[in-house]
Amino acid sequence: MVSCKLFYTFVSRTNTFLSVETKYIFVTGGVVSSLGKGIISSSLARLLLSRGYSVTIQKFDPYINIDPGTLNPYEHGECYVTIDGHEADLDLGHYERFTDIKTTRANNFTTGRIYQSVIDKERRGDYLGKTVQIVPHITDEIKRDIKSLGNTGKYDFVITEIGGTVGDIESTPFLEAVRQLKWEMGRKAVSLHLTYVPYLKAAKELKTKPTQHSVKQLQSIGIQPDILILRTEKDIPYNMRRKVAQFCNVAPEAVIQSIDASSIYKVPQLMHEQHLDDLVLRLTDTESKGEPNHSAWNEFLRKLETSEKIVTIGLVGKYVELQDAYKSISESLMHCATYCDHKLNLIYIHSEKLTPENVDEKLSGMDGIVVAPGFGQRGIEGKFVALKWCREHDVPTFGICLGMQCMVIEYARNILGLTDANSTEMDPHTPYNVIDLMEEQKSVSNMGGTMRLGAYDCRLKERSVPAEAYGKEIVSERHRHRFEFNDEYRKRFEEAGLECVGENPETGLVEVVQVPSLTWYVGTQYHPEYQSTVLNPHPLFMSFVKAAIARNEEKNR
């Protein structure tokens, strides 16, 4: 007679509609920050997906902000938006670009959000008058959030990245939660620790001591890493990796190097060559489904490496010193250029330093211009200068969110003759408020999480540039804004040649504008960059890049 346990295992493997047994992979970092835990997590997810497993990734950030929505980009880089309207860490952008998984608020938690949840429960009396403490109440909340995706029964693997560095005070509750889960889950959980092996140029030596200390810190709180990944600029000899294994209680084959690569998209390939995915399957007692299918990914890499033609795009914004502020845009442009058999030459142009006197010098070498999103007055006049020059010289131009609003303002000033036209965000007393605060935003006082956020439908005008790019008239795109096109001016704009070619089917909110008389001059209120991935580049970015390439070819005839 077959035991109940064996029968359950059999039916769970043969009937896809039954819940799967979820395995958990915890990714931590040591020695220094910014080693690339998000890229390693995304690469491992890509490998497991390519083998046929269902996978998702989540990120736990140790800062006390509820989310990064109110953080200056100089503090935290790009704020990424999920389909359900959660403002998230930029690593979620990496997750989506590598995996094509659409993330939600369940994929990103912060210390602030976890503490807020615990405090709300305490205020409701959920703890029955007990003293609320880090252990067990905070750690239980973290454990509950870690397991939330696994409890859906949809995923073979949940990869959980713990932000920060081992030894940080802020990370301690998360690491304690991981320690407890590893103990409770046994072979269903794997710990992967990413460290740094520095190269001392004067001594001409790689040094493993920082890695040893980092692992000892992790062990001191009760976590024994199963896999070590060593970030390095130089090849680490096998004997040195074996030494690390001996000092850190890790199997020699589980010490993997992550050497600098010419593209982050090569990392899955480098990890597979060192059997990272095989290790995870073996350590979690997971039956292998065979070698991963990397044909589409490898074709992208082939194009990335062999393309010789260059397309030059200018990105006009105020955060050009910090390129992570525009990470999704730069990656979207690169995806599309690669599929068009071109290398992307992305030039960052500081909008604060752009003037009528230098605009020709700054922009004349560009094949296309993207006017970046953002908030606030700083750098706004430079965007108007850029847009006027692009419109007058018929350069392919893509305005995103605030960039689209600037398109509208510039057109109002210089074509409609409304010299003082502006957004009420920049000038609350403008006589021509062509961009105005959304009606539902007028009663909002809190800053965090209160904008129009997440995915909304947009109906595109037939035969418009966006409709032809998408190949359909109804699309869904993600938003992050408070201000909108003022519909009172719509008729005047359209009579003067700027058409509203996309709108929300429920509210009539203008989502897309276009000047049809120009080759490619389009602005979107939404953020299409959030949905471009390696295997599915965004169609609107693709249309823009093709227009830029066509301009380049015409110039060089």
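For the numbers below, each heavy atom of this structure counts, side chains included, while hydrogens, waters and symmetry mates do not. Count residues from 1 along the sequence.
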Do [X] and [Y] have a side chain donor and acceptor closer than 3.5 Å?
X: Glu96; Y: Thr103; value: yes
X: Glu78; Y: Ser328; value: yes
X: Tyr238; Y: Gln257; value: no
X: Glu477; Y: Gln531; value: yes
X: Gln377; Y: Glu425; value: no

As an exercise, state the distance from [atom1] of [X] to [atom2] of [Y], rounded to the nearest 0.5 Å.
X: Leu192; Y: Glu161; atom1: CG; atom2: CD; answer: 10.5 Å
X: Lys37; Y: Ile159; atom1: NZ; atom2: CD1; answer: 14.0 Å
X: Tyr53; Y: Leu281; atom1: OH; atom2: CG; answer: 4.5 Å
X: Glu484; Y: Met404; atom1: CD; atom2: CE; answer: 9.5 Å
X: Ser258; Y: Leu35; atom1: OG; atom2: CG; answer: 9.0 Å
X: Gln525; Y: Phe483; atom1: CD; atom2: CZ; answer: 11.0 Å

Would a 4.5 Å heavy-atom cut-off, applied to side chains only, mark [X] and [Y] as touching?
X: Leu49; Y: Ile101; value: yes
X: Arg282; Y: His275; value: no
X: Phe157; Y: Val280; value: yes
X: Leu276; Y: Ile229; value: yes
X: Lys327; Y: His94; value: yes
X: Pro528; Y: His538; value: yes

(request) Please say which of Val190, Val158, Thr160 ends up in a side-chain contact (heavy atoms from CB on, under 4.5 Å) with Phe26. (result)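 Option passing the side-chain contact (heavy atoms from CB on, under 4.5 Å) with Phe26: Thr160.
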
(message) Checking side-chain contact (heavy atoms from CB on, under 4.5 Å) between Val31 and each of Val166, Thr195, Leu194, which is the one that passes?
(response) Thr195

(request) Measure up the Tyr530 and Tyr80 rings against each other and bin them: parallel (under 30°), tilted (30 to 60°), perpendicular (over 60°). (result)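 Taking Tyr80 first and then Tyr530, their aromatic rings stand perpendicular (interplane angle over 60°).
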
(message) Ring-plane angle category for Phe98 and Trp297, please: parallel below 30°, perpendicular beyond 60°, tilted otherwise.
(response) tilted

With a 4.0 Å cut-off on N to O distance, would you call [X] and [Y] a salt bridge?
X: Arg51; Y: Asp278; answer: yes
X: Lys23; Y: Asp156; answer: no
X: Arg551; Y: Glu554; answer: no
X: Arg480; Y: Glu87; answer: yes
X: Asp367; Y: Lys555; answer: yes

Any donor-acceptor pair under 3.5 Å from [X] side chain to [Y] backbone:
X: Thr211; Y: Val197; result: no
X: Asp394; Y: Thr519; result: yes
X: Thr232; Y: Lys234; result: yes
X: Lys318; Y: Phe375; result: yes
X: Asn108; Y: Asp89; result: yes
X: Ser351; Y: Gly379; result: yes
X: Ser543; Y: Leu540; result: no
X: Asp341; Y: Ser307; result: no
X: Thr152; Y: Leu149; result: yes
X: Lys383; Y: Ala372; result: yes

(message) Taking atom CD as the centre, does Glu392 end up with more than 12 heavy-atom neighbours from other residues, nucleotides or ligands that are less than 6.0 angstrom away?
(response) yes

(request) For atom NZ of Lys353, decide whether the heavy atoms of other residues, nucleotides or ligands shown that lie under 6.0 angstrom number more than 12. (result) no

Closest non-hydrogen atom pair between [X] and [Y], with its separation:
X: Val311; Y: Ala548; answer: CG2-CB, 3.9 Å
X: Val359; Y: Leu354; answer: CA-CD1, 4.1 Å
X: Met542; Y: Pro537; answer: CE-CG, 3.7 Å
X: Gly403; Y: Leu387; answer: O-CD1, 4.1 Å
X: Thr397; Y: Cys390; answer: OG1-CB, 3.2 Å
X: Gly163; Y: Ser171; answer: O-OG, 3.3 Å

(request) Report the C-alpha distance between Asn65 and Thr110 in whole Å, list the side-chain angles of each, state the deciding distance to 0.1 Å, and finish with yes or no for side chain to side chain donor-acceptor pair (under 3.5 Å). (result) CA-CA 7 Å; Asn65 305 68; Thr110 66; over 6 Å; no

(message) So if I apply the salt bridge (charged side-chain N to carboxylate O under 4.0 Å, His left out) rule between Glu511 and each of Lys461, Arg452, Arg478, Arg459, which one comes out positive?
(response)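 That would be Arg452.
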
(request) Enumerate the residue pairs fulfilling ring-ring contact (aromatic ring centres under 6.0 Å, His included) with a member in residues 325-344, sequence neighbours excluded, ordered by first and then second residue. (result) Tyr265-His335, Phe300-Tyr339

(message) With ring-ring contact (aromatic ring centres under 6.0 Å, His included) as the rule and sequence neighbours excluded, what pairs involving residues 391-410 come up?
(response) Trp389-His393, Phe398-Trp520, Phe398-Phe541, Phe398-Phe544

(request) Go through the structure and list residues passing side-chain hydrogen bond (donor to acceptor under 3.5 Å, both in side chains) with Glu357, not counting sequence neighbours. (result)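 Scan of Glu357 (side-chain hydrogen bond (donor to acceptor under 3.5 Å, both in side chains), adjacent residues dropped) gives Thr355.
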
(request) Start with the C-alpha gap between Leu315 and Leu333, add the side-chain angles, then the distance that decides, and say whether side-chain contact (heavy atoms from CB on, under 4.5 Å) holds. (result) CA-CA 10 Å; Leu315 178 59; Leu333 291 167; 5.7 Å; no

